[in-house]
Each structure stands twice: as C-alpha cells, then as structure tokens.
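Chain A is the first sequence line, chain B the second, and so forth, proteins listed ahead of strands; every chain is numbered from 1.
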Amino acid sequence: MKKKLPYILLFVMLAWHAVLFAQERFPRPEFESGYVYPEHQMPADRAPVWEYIDLAVLIAALSVAAWLALKKRSRNGLVWLSVFSLAYFGFFREGCICSVGSIQNVALALFNDTYSIPLTALLFFIIPLLFALAFGRVFCAGVCPLGAIQELVGFRTVKFPRVVESIMISVPFVYLGLSVLSAATESQFLICRYDPFVGIFRLNAPYTMAIFGALLLITGIFVNRPYCRYLCPYGVLLNIFSRFSKKHLTISPSECTNCRLCEDACPYNAILPADLARPLVEPEKERKKFLTWILLVPVFAVAGAVIFSSLSPVLTGLNSDVRLAREIRAEAEQGIPAISQAALGFKEAGTTNAELFEKEMHIHERFRKASILMGIFLGISFGISLVSLSTRTRRTEYVPHKGKCFSCGKCFQYCPVHLNKIKNDKA
Amino acid sequence: MMEKDNIYKSRRDFVRKAGKVLVAVPVLALPVVLSTKITTAGTVWQIDPYKCNTCGQCKTHCVLTPSAVKCMHNYQMCGYCDLCGGYLRQGARTISTGAENQMCPTGAITRKFVEEPYFEYTVDKDLCDGCGKCVKGCKDFGNGSLYLQIDQNLCVNCNECAIARSCPSGAISRISDKVQYIPKEKI
Amino acid sequence: MIKLDEKDLKILRGIGTAAGIFTLIVALTMLLSLIQMKALDPLDNPAIVSVKEEFDKDHENAVKAEQVRALDLMARKAYFSSRRQLETGSWLLISGAIIFVLCQRLIAGSEKNLPSVPGEKTDQVSEKARYAKYLAGAVAVLTLGAIVSSFILRKDLPDLSGRRTAKAEKSEKKKEKGETSAYVSEETFFPDPVNFPFFRGQDGRGIAGGTDYPVEWDAGSGINIKWKTSVAMNGKSSPVIWGDKLFVTGAEGNNCEVYCLDKNSGDLLWTAPASGLPGQPDAPPDTDHDTGIAAPTAATDGNSVCAIFANGNLVCLDMDGKFKWGKNIGTPENIYGYSCSVIIHEGTLIVQFDSDEKVSVMGFDTSTGDMKWETLRRGRSSWSSPSIATFNGITQVLINGNPEVASFDPATGKELWAYEVLSGDVAPSLAINSNYVYAVTDYSRLAAVKPGPGPSIVWEDNMFTSDVSSPVANNQYLFIATGVGDLACYDAMKGDTLWTHYFPDQFYASPIIAGDKVYCLDRSGLMHIVNAGPEYRLIAESPIGEPSDCTPAFSDKNIYIRGRNSIFCISQN
C-alpha cells in the first residue's frame, strides 16, 4: 500500500490537469486472456402506441358519457364510468398525458418554434372541447380521472355561501392565465407541477404533493369537486364551450313542472331556477346598465393589460433562467455567494454574465408581451362575468347552468318527472 | 306575448349559434395553425451524457422514488483500471472491494478481476439510484465510461420532467421517441 | 340506491371506520418515516462519515475497516428497507382508502333522503347584484395587491428602465464603431518615457512612456538593430531600464548574477554575483524545462537594483553594482518554478512569495534589507507578478492569485480587499486602467474587476484567455495575446469583443501599449505591431531572429528585447 501512495498522489496531481482535457485518459486495454466485452445494453424503449390507445379510449369514453348523461340518463352508469376512467386513465396510465395538462403543450407549441406538439397531445386538448361544444361537460362527468376521483369521494355535501363561491370560481381563470403564460414562455408547466392527484395515481409522489392531494380529497368529501370548481384551468375552457351546446343534460326527462324539488340537488350550485314571478323593473334603466357593463369590457381589458404588464417583471420569477440571473447579479453586486446547483453549473459552463443578463432581458420582453395578453384575457373575462350578472334571463324551467354543470347526473333522482317516467314506462 | 317569446328564443338561438362558431373556429383552426409543428411520434425525456455535470439532482428531483435515472456503463470506453475513479471513493486508502473504499452508496457497482492489471466494473441497475457519484468520479479521473440515462421503462414520462426543470447544465431535454437513448461513445 | 337493512349498515359502518382509522395510521407512519429520512439520509449520515474518517487516519487497521463495513451494510439495508416500506405503505394506504370510500358510499347511498321543497325563493336579480358587488370587490382587492406587490418585489430585478435604451445604444454602437462611449474616463497614467523600471514597465502596467517607437526592424539584415549583445548566463527575466542603464539577470544551475549594460552602446558595465548567500539551498529547485532560476525580472528605482531568484536569493545592489544587502528568504518551490518579479514602491521592495508551503507578499526596506512586513495570502501558488495602482486615492499593490485578486497597502502590507476571480494555474499578471483591474488565466476566464472596497466582477468573457502572457489595458481598450496565437481587443468598460486576429504562433511575452500601438512579441521572436484601436490594423511585423519569451522594455524611443541567447536594441535610424 505504501508503494502505491505516491502513484495515487501523482495520479491525483495529473488528474487535476486532465480534468480540463476531455479525452480518454486511459487507453483501451489489450486483453490477452480472450476476454470478450459485455454488451453495452440500453434498457428497452418506451412503447409510443399506448398514447394512441389512450386516444381511442378517450373518444369511446366521451361517447359513452354523452350517451349516459343525455340519452340513458343514468347516474349509476356515470358512476361506473368514473370508476373505469379512474382505473384506466388514473391508476393504469398514471394520469399522464391528460387534457388538463395539454393546455400547456398547446401554449408551448403556439409560441415557440422549437417545440413540436405530439398529435395525441393536441387531440387530447381538442376532442373534449368539441364534445363539450356538442353535449356539455361530459368530459368532467365520467372521463377525466381527476374529476372521477373527486366524484367518487364526494359522499357528503357541504355548500359554501354562494357569495364566497362566486369569488372562488374566478381562481381557475387566473390559474389558466398563469399556466399558459408560464408554458408559453418555456418557464414551467405549472399545472403538472401542482397536480394534486397524479401522485396518488402513481402511488409515488414528493411528500408535499401527496399531502396536498390527500387533503384536497378529504376536503372533497365535503366540498365536492374542489379542484374542478376552484382550480381546474381546463374547466374554464370547458365552461365556455359548454355554454354553446345545443344538446345538454336536462334535469327533467321531459317538461319541468317547477316543483322546486331539485333546487338543492346540485352540490355545485349549477341549477338555475325558473323565475316566472319576476318583479317588473324599468327596462330603460336595465338596458342602460347592461350597455354600461358591455362598454366597460374593453376598459377592463385595457386595465388588465396595464396591470399585468407592470406585474410582468415579478412574474418572470417563474423562469429558472431569470432566477439564475438574479442570483448571479446578487453575487456580483452585493456579494451574496451564488451556491445553488444552477449557479455552480453556470459558472462551470463558462457562459459570460453579460450573455446571461442579455438572455434575462429577452425573457423579460417575452413575459411583458405575454402578460399583456393575460391581462386582456382576465379583464375581458371579468367584464363578461359582470355583464352576465346584470342580465336578466327569463326561464320557465329549472335547467342546469350549461357552463357550471358537470353533467354528473346527481340531480336525476330528484326530479319526480323522472320517477314518474320510469313508473309510467314500467306500467 | 308568444311572439315576443319566439323572437326572444330565436335571438338567443342566434347568439348561441354565433357563439358556437366563434369558439369552435379557433379550436378547429389549431391543427391548421400548428400544422408544421405537429409530430405523430411521441416524446420522451433524455439525458445528454456529454452535457451532464453530475450534480446529483437526478436522484433527488425525480417524482419517483427511486429515481428513473440509472447509471449505464460503456465497457468499450472503460480503461478497466485497478484504480477506478468511479468505483473507489476519493481518499480511498487501499484498492479493494471493501465497503470502506467504495464510492457507490448503495453498492451497485461490482468489481471483478479479469486479468493483470484489468478489472471489470458492472452496474447493478436494481441497486442503482441515479445519484451520479460514480459518474462524477469516472469523468474526473477516468475515461468517462459511466454515465446516467433515464430508463424509459421506469420513467412515467411526465409532461414536464421535474429533473429537467432544475438541471443546471440543461442536459435533459424532451426529444422525439424515435431514438430514446444516447449511448455515450468514444469522444 | 341500494336498499340495505340496519344490520348491513352497522357492519358497513364498522368496516368503514376501521378502514378509515387504518388508513390514517398508515399515512401517519409513512409521514413520520419520511420526516426521519429527510433529517437523516441513511446513506449519507454523519455516523458513517466519522467512522470513515477514523478509518482513513489509520487505514491499516482491519478492525476499523470492519466497523466501516458493518455500518455501511446497515446503512444500505436501512435505505432499501425504507424504500420497500414506502412501496408497501402506498399500497396499504390506497387499499385502505378505497375500502373506506366504498363503505361510505354504500352507507350514504342507502340513506333515504327525500328531497324537500326548500324555503322562500330567493330573488335572482338581487342575488346576482350581490354577487356582482362581491366579485368586483374581490377583484379590486386582488388588483390592489397585484399593484402593490409589483412595486415591493421590484428590488430583486435588473434595471429595466435601461432596457430599451440599452438596446438602442447597442445598435447605435454597431453603426458608429469609431466613436468612444461617453463614459470612458480620461487617461491618468502617463509613465516616464525614459525609465522602464519593472517587469512590464512603470508600476507593472504594461504601458510604455513616450512615443515614436520604431515599428520595423529585421535582425537578419540588421535594419534598425542598434546593437546586439549577450550576457554570460541566460535567463527568462525581462530587461528593465533606469536612465542609461539596462539590467537583466541570468543563472546557470544554482549560480546567479545581475548584469548592467549601457543601453546606448550595449557594453557590459558590470556583473554582480547573487549566489553564495547564507541560507541558499545546495541545489536549485526544479523548474520547468529550461526556465532556470533567473525567471523573475529585476526592479530598480534609480537608487537600487533588486533581484530575486527561484532559489530564494534576494539581492539589492546600488546603481554601480556594489552589494548593498542580500539574503535567502527561503526557496519558493512550486511545480513550474518560481517566477514572480519584484517591484519597488517608495523605498519598499515588494516580493510576491508563492510556494507550495506558503503564499504571501513581503515588503523589504531597500536600503537595509529588513523585512518590514509579510502578509499571508489565501489560496495556492501563482506565477504572476505584482503591479501598483491608485484607486480612490489609495495606492495599492495588486496581485493576481489563485483564486483571489488581492490588494495590499505597500507601506504596511495590510490587505485592502480581495475577490475570488480565477481558478487553476494563474500566470498572467493583471491589466489595470483607471477603472478596473483585469484578471485572466486559461481554463478560467477573463474578468474585469471593479476594485474594492466592495469589489465585484463587472464583465467577463472566456473566449480568449492566456496562460502566460499578461493582458494590457488603457481606459478604452483591453488587449490580450493568447498561448494559441489569438490577439483580441475588448471594450475595456463593457467587455464587448471589438476585434480578434489569429497569428500562427504562440504568445508568452506580454503585449505593451506604446503610444497608439500595441507591441506583441510571439515566441519565435517576431514582434506584431497593431493599432491600439477599435479596428484591427496590422502596422508591421518585425523579427529579432531568435526565440524569445521575455517582455520587451521601452525607453527613449528605443525598444530592448531579450531573446533566448542575446539582447537586442531596436532604434529607428
């Protein structure tokens, strides 16, 4: 051993210089004993065909959901479909890729030339939206694994005061804006990162996400479908698309008798009551109010653009390159040592600080433009929601709110017309 | 009254149909707009072993425990050295297979005598947890024949790889699934 | 809705509660073990580390080896078993949860809940108006919060106001390259045109005083070569000049000497021995190839001539060669051989002592030879030489080390500031102008350091780095000649690469700015003279006909170049 020490030291000394030269230090051995090199084996490839199978199952499940919700009107059927979707899309396929996350892939593809979106991801984005346009939110009813798991644990119902509810429903809009912003600027996939249920599907998650998911599920026992209502960004799109559907789930199988028995049936407050006995109000004043709100929509859009444009430098913190640049700058200007892995990697790589800061500026520009769009989107959404809150619709029947209704079918059993129909059918 | 209702209904119908077209058009136009950027192949995450700086985050940042990143060994590049930079820990006093000399925390690398003075080193994938210590040692003091790769059968193919998000050298990127691994060859 | 009777319900309730409690317990256990793992990773815990350290101190001890092995095995077992626990735990968790949910659903499903007519119908209109108010209120609060936070969180951000103007400035610059930026300060360093007293001239800055230095000469034909001579022993040290005297050092093995030539005629005026000093080692230290121990350049201040050799001999002579004092200050052993030149400031001889055992800077009194001060430096040996500069009214000695660029007070040796800049083998000395200090070495970077207090790196680049040759800077430009043959010009303030040119030979000698030209001597002895400006323009290329690694001296319109075997005086006829 003592004999070897100087060689080890020499080795280390030489190696210090050799670190700088990326070449083979030790030549290929010449084996005399007839040694054969073992195979340099790579693990097997991932089979891409599963994504297409998922697509086929998606379309089939959406069709079955639409049929169950609209034609067959079977709540039980929808529950069993949810179980299947949870088992297949959730536990078997481990929740990835999902339609909720596909928003990010589309955003990334739209605003970056370096990314090619897989066809399956694009179709996962488009197809549930088309079904929503035709039949309402049947995706949420029995196909989305996130919705399914929340649906299945929702066996008690506690309702928020409606005012709180109306405020919390705005959160998904902000989440949608932020995740599209974050994905389009190649910063992060926020939806995937903060997906509470994917860890449960994989039975393997960073413990913070596992706890968040578990807590959300426990909450979901009482406040049903919390993620769907207060967080899901895809839900914003489904909400919008579903409003224009002609064929939608109805509470009553035929005509509504206004018996009011279904008023408290929906855990999601998605049932719009009829309002026949409306008090009379001056139409002129109402029309003026309505017009004011409509005219305010572009004002809100501009206000949103301005506010978010000024917020954009703060939002750039989503981007890891910007965070690195801030760390390096803090080191250069205030002497705070930059010791994160990213900083160490940066120093090793040898890009200059000037180049890094230039990149940071470029990213700031991108964020500014993207934030303006986000601000316009949020401004318009806010404006339109105020407009819709000031309109008066005459309804003679109890109908589900096409945007909010998840087509889950819980209300079916509350309608006596429904029961009568079954009785009459049996008779 | 009925007429008013009818007009009302038809107005609402019109608004609904117009709205339907308004939202449907951008969605249906998406495949056209993105036509040059659509690929029918899938994507996977891949580590470029030439960019990797062996920071060790492949073990800690993967959403899976244990990580889907495993150490590969290109035997053709290996020097078969007695004093292996990837097998022996820094400061190892003797050259033997004793645990006190090993770099690998899980004991995934085994050393076998071939002939004087060559030794064969093999990585047991089941024990490897992707920490990259052996890769660093091999890169700094050896030929760099040990390198990390994402095992695509263990990887769940997240939409955004959590390791890629924090990789300090940008070595992990999303690539088409046509060629899923980069076997490190001779430089 | 499945109809269940009381008995079934009771059983279901029981199973449900049991499953629920079970799930909770498993969850808590897993959480606890996770917390434990986070606190103490079995593979990385201090117990193993300390046992390994114990073993390292006494590695022949088989018992200690066994201890390490046992602990290591335990650690590995703990790691793998915890992983297995996690897996089984997850399965138990999910099964328990599923059973719980199933029971609850069945129970809830069987509860007969007849829908009842709710109370008073709420007025839709007023409700909607209420929502609108609350929604608007919430959005207003959030907007206010957003505006406020956008101002509070701005402190972390870069200067964005300059964003657009910086872009405009850059494009403007591309159009008018010749114009200098408004913020380049006036030159304040004008060295003496006659005296070139240290390595790289006055204050070690690499700038020659005076103008009208020759650009064309040819050793082969003798054009503009005033004289050529040689001294008894050769060395890698560069010539220094005071008045009419030129000083070089030379050595053979452990014997070292200082020579004085008449700079006008080339005649040898005197030779002073520098060997035989008490404390001198018996054999000279190992140096690279043919470097020898006379690599450090001498220094003169008009009263004395001081020289140091790689065996640690430090001598001080008067201008006529008479021995004033001399001693051996210890042999600075390092892998390439000691090469730090000495410099004098106001009667203090400053020695950069870099060896494997000790890295320090010392100050000696030139008249008596007493060591006035010694300050230890951090890091490892380097092969650069000190320079003198004044920043913020404070005169300081600046040294390019590994890893720090450091500044010391020449009178007391007190460290004024230091900043980590480079790593690896640091041989080039600093380039200095009125604003920044530039440090470079190969495989690290070229960095512009704003001198302290509170030093920082203003810009850096790593495309053109030198391993031996020191860069030179004035307030507008920085010039660097690399060991590969590249000559590059940077904007001294901003770091933009203004131009580069590749010459097919290496540069070891440091470039010198004389007037409006930069003189770069390559290793084959060919001097490349380029315009000291923002555009590359080769003025001339003149050979001395023999290889050279020494930096030339400039004095009185003459250039003095030391080649491997001879010393040349270049003078315009």
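- The greatest number of non-hydrogen atom pairs below 4.5 Å with chain B, out of A:Ile117, A:Leu324, A:Leu119, is found for A:Ile117.
- Aromatic ring centroids of B:Tyr121 and B:Tyr80 lie 6.0 Å or more apart.
- Note on B:Val15, B:Val23, B:Asn159, B:Val179: by heavy-atom pairs under 4.5 Å with chain A, the leading option is B:Asn159.
- For A:Gln188, the parts lying near chain B are the backbone and the side chain together; criterion is any non-hydrogen pair under 4.5 Å.
- Contacts between A:Arg243 and chain B at a heavy-atom distance below 4.5 Å involve the backbone alone (N, CA, C, O).
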Criterion salt bridge (Lys or Arg N to Asp or Glu O under 4.0 Å) on B:Lys112 and B:Glu120, from CA distance to verdict = CA-CA 5 Å; B:Lys112 196 176 78 170; B:Glu120 180 193 79; 3.8 Å; yes

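- Between chain B and the residues A:Met209, A:Glu39, A:Arg193, A:Glu348, the largest count of heavy-atom pairs under 4.5 Å involves A:Arg193.
- Side-chain rings of B:Tyr181 and A:His40 stay apart, their centers remaining 6.0 Å or farther from each other.
- Looking at A:Leu190, there are no atoms closer than 4.5 Å to chain B (heavy atoms on both sides), in backbone or side chain.
- Centroid-to-centroid, the aromatic rings of A:Phe139 and A:Tyr234 come within less than 6.0 Å.
- Residue contact with chain B, scored on non-hydrogen atoms closer than 4.5 Å, involves the backbone and the side chain of A:Ala44 alike.
- Options B:Ala18, B:Gly42, B:Pro117, B:Cys55 differ in how many heavy-atom pairs under 4.5 Å they form with chain A, and the most are formed by B:Cys55.
- For B:Ala41, the part sitting under 4.5 Å from any heavy atom of chain A is the backbone (N, CA, C, O) and nothing else.
- Most heavy-atom pairs under 4.5 Å with chain B: of the set A:Pro38, A:Gly101, A:Cys192, A:Gly345, this distinction falls to A:Pro38.
- Residues meeting the side-chain contact (heavy atoms from CB on, under 4.5 Å) test with A:Pro118, sequence neighbours left out: A:Tyr115, A:Thr120, A:Ala121, B:Thr43.
- The candidate with the highest count of non-hydrogen atom pairs below 4.5 Å against chain A, out of B:Leu154, B:Asp177, B:Val21, B:Asn153, is B:Asn153.
- Neither the backbone nor the side chain of A:Leu123 has a heavy atom closer than 4.5 Å to any heavy atom of chain B.
- The part of A:Leu129 that comes within reach of chain B is its side chain, from C-beta onward, which places non-hydrogen atoms under 4.5 angstrom from that chain.
- Among B:Lys125, B:Lys51, B:Arg174, B:Lys20, the residue making the largest number of heavy-atom pairs under 4.5 Å with chain A is B:Lys20.
- For A:Lys347, the NZ atom counts as densely surrounded, since its 6.0 Å shell holds more than 12 non-hydrogen atoms of other residues, nucleotides or ligands.
- Heavy atoms of A:Ser340 lying under 4.5 Å from chain B are absent altogether.
- The part of A:Leu122 that comes within reach of chain B is its side chain, from C-beta onward, which places non-hydrogen atoms under 4.5 angstrom from that chain.
- Residue contact with chain B, scored on non-hydrogen atoms closer than 4.5 Å, involves the side chain of A:Tyr52 exclusively.
- Of the listed residues (B:Gln57, B:Glu116, B:Gln149), the one with the most heavy-atom contacts under 4.5 Å to chain A is B:Gln57.
- For residues 61-73 of chain B, heavy-atom neighbours of chain A at less than 4.5 Å comprise B:Val63, B:Leu64, B:Thr65, B:Met72, B:His73, sorted by residue number.
- Heavy atoms of A:Ile240 lying under 4.5 Å from chain B belong exclusively to its side chain.
- Both the backbone and the side chain of A:Gln341 come within contact range of chain B, each with at least one heavy atom under 4.5 Å from a heavy atom of that chain.
- With a 4.5 angstrom heavy-atom cutoff, A:Glu32 touches chain B via backbone and side-chain atoms both.
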When you look at A:Tyr37 and B:Tyr75, which way does the ring pair (Phe, Tyr, Trp, His ring centres under 6.0 Å) test go after all the steps?
-> CA-CA 7 Å; A:Tyr37 279 104; B:Tyr75 296 96; 7.6 Å; no

